[in-house]
A.B. asks: 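Below you'll find the structure I mean.
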Amino acid sequence: MIEGKLAPNMPQWMVDHAKRYIESGGTDGQMYTIQRPGSPPLTVASLLLATKGRKSGETYIFPLFYGETGSSYFVIASKGGAPEHPSWYRNLEADPEVGVQVGTRTVKARARTAKGPEREKLWEQAVKFFPPYADYKVKAGDREIPVVVLDPIG
């Protein structure tokens, strides 16, 4: 199991999802079904990301949708298209060593922001598994939404 506490100020649906994931040891929660108004249900793979708080030094857990690239995972720092990056992204900019739980499997990883053609390829994959990312890109305006690759270490 991944160690840490749930990040403060997460929306309730994320808190509920993360608790289910953690309490089941990862046997329930890797697949998350979203019911968006006016759209059919959408099931997306999710992982738990543990980052070290850049101010507090405490370890915080965030549930995030993910894709795979080679032996690595990738996540999108969209924050629903907000004008600023999510706190978990700012945390890993300060300390890129993170914990990752996918289902019942946990790994240590080093986070890096994808650039150029790699970013574009992974962004396209992300929009396929979670189409609302395309809307978030529009909402984000001038902010380029980071695509973060989580490369296993050790």
Side-chain angles (χ1 to χ4, degrees), residues 1-4 6-7 9-11 13-15 17-18 20-22 24-34 36 39 41-54 59-154:
M1 278 302 301
I2 203 161
E3 297 289 323
L6 292 182
N9 304 316
M10 285 194 300
W13 72 268
M14 288 179 77
V15 171
H17 175 65
R20 189 176 84 222
Y21 209 129
I22 292 165
S24 73
T27 61
D28 183 21
Q30 183 178 357
M31 301 308 293
Y32 184 79
T33 301
I34 301 168
R36 298 174 299 138
S39 298
L42 177 63
T43 301
V44 187
S46 70
L47 57 70
L48 298 176
L49 177 71
T51 65
K52 184 176 178 183
R54 65 196 176 287
T59 301
Y60 293 110
I61 297 172
F62 302 84
L64 301 170
F65 301 144
Y66 75 92
E68 295 183 49
T69 180
S71 61
S72 300
Y73 302 104
F74 70 94
V75 293
I76 307 298
S78 67
K79 197 175 181 183
E84 71 280 344
H85 296 317
S87 59
W88 63 262
Y89 181 76
R90 295 191 311 268
N91 288 348
L92 63 79
E93 283 185 305
D95 183 353
E97 302 235 346
V98 298
V100 178
Q101 181 171 339
V102 178
T104 58
R105 179 176 181 245
T106 59
V107 297
K108 293 213 178 292
R110 181 166 291 111
R112 62 181 175 82
T113 303
K115 303 285 184 197
E118 179 189 35
R119 183 202 181 278
E120 293 309 311
K121 178 184 132 209
L122 297 177
W123 177 260
E124 287 176 19
Q125 284 181 246
V127 171
K128 285 180 184 164
F129 68 68
F130 190 64
Y133 285 142
D135 298 330
Y136 298 170
K137 180 179 180 179
V138 173
K139 283 176 61 180
D142 291 338
R143 176 174 80 95
E144 180 175 80
I145 296 174
V147 175
V148 178
V149 179
L150 306 168
D151 295 315
I153 55 176

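Residues: numbered from 1 along the sequence shown. Quick caveat: nothing in here was measured; it's all calculated off a predicted structure.
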A.B. asks: Closest heavy-atom contact between Gly29 and Arg20?
C.D. replies: CA-NH2, 3.7 Å
A.B. asks: How many angstroms lie between CZ in Arg105 and CD1 in Ile2, if you round to the nearest 0.5 Å?
C.D. replies: 12.0 Å
A.B. asks: Which heavy-atom pair separates Ala7 from Phe62 by the least distance, and what is that distance?
C.D. replies: CB-CE2, 3.2 Å
A.B. asks: Table please: side-chain donor-acceptor pairs of residues 137-154 below 3.5 Å, with sequence neighbours left out.
C.D. replies:
| unit_1 | atom_1 | unit_2 | atom_2 | d |
| --- | --- | --- | --- | --- |
| Lys139 | NZ | Gly80 | O | 3.1 |
| Arg143 | NE | Ala82 | O | 2.8 |
| Arg143 | NH1 | Ala77 | O | 3.0 |
| Arg143 | NH1 | His85 | ND1 | 2.8 |
| Arg143 | NH2 | Ser78 | O | 2.5 |
| Arg143 | NH2 | Ala82 | O | 3.1 |
| Asp151 | OD1 | Ser72 | OG | 2.6 |
| Asp151 | OD2 | Arg112 | NE | 2.7 |

A.B. asks: Would the distance check show the side chain of Gln101 and the main-chain N or O of Gly103 forming a donor-acceptor pair, the cut-off being under 3.5 Å?
C.D. replies: yes
A.B. asks: Between atom CG of Leu48 and atom OH of Tyr21, what is the distance when rounded to the nearest 0.5 Å?
C.D. replies: 5.0 Å
A.B. asks: Using 0.5 Å steps for rounding, measure from the CG atom of Leu92 to the OG1 atom of Thr113.
C.D. replies: 6.5 Å
A.B. asks: Does some side-chain heavy atom of Trp123 sit less than 4.5 Å from a side-chain heavy atom of Ile76?
C.D. replies: yes
A.B. asks: How are the rings of Trp13 and His17 set to each other: parallel, tilted or perpendicular (split at 30° and 60°)?
C.D. replies: tilted
A.B. asks: Quick one: does Tyr73's side chain have a donor or acceptor within less than 3.5 Å of a partner on Val102's backbone?
C.D. replies: no
A.B. asks: What's the spacing between Lys121 NZ and Thr69 OG1 if we round to 0.5 Å?
C.D. replies: 4.0 Å
A.B. asks: Could you tell me if the side chain of Pro131 sits less than 4.5 Å from the side chain of Leu42, heavy atoms only?
C.D. replies: yes
A.B. asks: Is there side-chain contact between Ile61 and Leu49, with at least one heavy-atom pair below 4.5 Å?
C.D. replies: no
A.B. asks: Minimum heavy-atom separation for Arg119 and Ala114, please, with both atom names.
C.D. replies: CB-O, 3.6 Å
A.B. asks: Could you please spell out the steps behind the side-chain contact (heavy atoms from CB on, under 4.5 Å) verdict for Thr104 and Thr27?
C.D. replies: CA-CA 6 Å; Thr104 58; Thr27 61; 3.8 Å; yes
A.B. asks: A side-chain contact here means heavy atoms from C-beta on lying under 4.5 Å apart; do Trp88 and Leu64 qualify?
C.D. replies: yes
A.B. asks: Side-chain contact, heavy-atom cut-off 4.5 Å: Lys79 with Tyr89?
C.D. replies: no
A.B. asks: Could you check whether any side-chain heavy atom of Arg90 comes within less than 4.5 Å of a side-chain heavy atom of Glu84, counting everything from C-beta outward?
C.D. replies: yes
A.B. asks: With sequence neighbours left out, what residues match Phe65 under ring pair (Phe, Tyr, Trp, His ring centres under 6.0 Å)?
C.D. replies: Phe130
A.B. asks: As an exercise, state the distance from CZ of Arg54 to CG of Asp95, rounded to the nearest 0.5 Å.
C.D. replies: 12.0 Å
A.B. asks: Look at the side chain of Ser46 and the backbone N and O of Gln30, then say whether any donor-acceptor pair between them is shorter than 3.5 Å.
C.D. replies: yes
A.B. asks: For Val100 and Leu47, which heavy atoms make the closest approach, and how far apart are they?
C.D. replies: CG1-CD2, 3.9 Å
A.B. asks: Of the non-hydrogen atoms in Glu3 and Thr59, which two are nearest, and what is the gap between them?
C.D. replies: O-CG2, 3.3 Å
